[in-house]
Amino acid sequence: NPAAGFDFWIDNLSFDTGDLPSNGLAEIVPKAMFEEMWQTTKGTMTVNQRNPFYTYEGLLAAAQKWPAFCTTGTPEERRREAAAFMSNIAHETDSLALVEENGCAADNVCTQYGRVNGNGATYHGRGPIQLSYEYNYTPAGQALGADLKGNPELVATDPAIAFGTAMWFWNTYQ
């Protein structure tokens, strides 16, 4: 969306080409790089597009539940996986600016995704890969050990769960 200032491409990332001793996401995408990824220049100002909800700590906590994420294959393959994942979540959320699907922050707006029995919440898009529909919330919650079927709002209130749903979607055959 050019009007929103979205400017993020895989080729914007530059990874150290040295060895990755511990094979972890933190070594491939250090905190300083994570913070820099979501910045854009508007005129003479640098603006951080990332919603503060999306924290580096939440990203790393989620990655711990997916031990194969960015840890298998050659160092180049691990860096490419990190770059592709970051590019995908940037695309889904307008550079991590959106926590919930545009127009769906109010539970009564997006009933086409299904409604949670009892509390009126819907299964609209939330998180870095905009998880939607009960058929995604249920297995993602099971994989993360969280009741996302009964409480889908957790994806918009807990950064580790939000990033965890994105990693679930990324690592699970759809």
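Everything quoted here is computed from the prediction, not taken from an experiment. Excluded from the calculations below are hydrogen atoms, water molecules and symmetry mates; all remaining heavy atoms, backbone and side chain alike, are included.
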Problem set entry | Heavy-atom donor-acceptor pair, Tyr137 side chain to His124 backbone, under 3.5 Å | yes
Exercise. Can you tell me if Thr71 uses its side chain to pair, donor with acceptor, with the backbone of Pro67 under 3.5 Å?
Worked result: yes
Problem set entry | Whether Tyr56 side chain and Val29 backbone form a donor-acceptor pair below 3.5 Å | yes
Exercise. Backbone N or O of Ser132 within a donor-acceptor pair of the Asn136 side chain at under 3.5 Å?
Worked result: yes
For this session: Count the heavy atoms of every other residue, nucleotide or ligand shown that sit under 6.0 Å from CD of Glu35, and state whether that count exceeds 12.
Result: yes
Exercise. Would you say Asp158's side chain and Leu154's backbone share a donor-acceptor pair under 3.5 angstrom?
Worked result: no
For this session: Give a yes or no answer on whether the side chain of Arg78 reaches the backbone of Ile28 with a donor-acceptor pair at less than 3.5 Å.
Result: no
Exercise. When you measure from the side chain of Glu81 to the backbone N and O of Cys70, does any donor-acceptor pair fall under 3.5 Å?
Worked result: yes
Problem set entry | Non-hydrogen atoms of Met86 and Trp38 that approach each other most closely | O-CH2, 4.0 Å
Exercise. With sequence neighbours excluded, what pairs up with Trp66 under the side-chain hydrogen bond (donor to acceptor under 3.5 Å, both in side chains) test?
Worked result: none
Exercise. How close do Ile129 and Glu92 get, heavy atom to heavy atom, and via which atoms?
Worked result: O-OE1, 3.3 Å
For this session: Can you measure from CG (Asn48) to OG (Ser95) and round to the nearest 0.5 angstrom?
Result: 9.5 Å
For this session: Compute the centroid of each ring, for Tyr135 and then for Tyr123, and state whether the two points are separated by less than 6.0 Å.
Result: no
Exercise. Roughly how far, to the nearest 0.5 Å, is CD of Gln64 from CZ of Phe69?
Worked result: 13.0 Å
Exercise. Shared ILVMFWY cluster between Leu98 and Leu131, side chains joined below 4.5 angstrom?
Worked result: no
Exercise. Any donor-acceptor pair under 3.5 Å linking the side chain of Asp94 with the backbone of Ala97?
Worked result: no
For this session: Starting at NE2 of His91, measure out to CD1 of Ile89 and round the result to the nearest 0.5 Å.
Result: 12.5 Å
Exercise. So, for Glu100 and Gln130, which heavy atoms are closest and what is the spacing to 0.1 Å?
Worked result: C-OE1, 3.6 Å
For this session: Starting at CG of Leu144, measure out to NZ of Lys65 and round the result to the nearest 0.5 Å.
Result: 6.0 Å
For this session: Specify the closest pair of heavy atoms between Ala162 and Tyr54, including all atoms of both residues, with the distance to one decimal.
Result: CB-CE2, 4.5 Å
Problem set entry | Any donor-acceptor pair under 3.5 Å from Thr172 side chain to Phe169 backbone | no
Exercise. So which heavy atom on Ala140 is nearest to which on Leu148, and how close?
Worked result: C-CD1, 4.1 Å
Problem set entry | Sole residue of Val155, Thr157, Ile161 in side chain to side chain contact (heavy atoms under 4.5 Å, CB included) with Arg126 | Val155
Exercise. Which heavy atom in Leu25 sits nearest to a heavy atom in Ala82, and how many Å separate them?
Worked result: CD1-CB, 4.1 Å
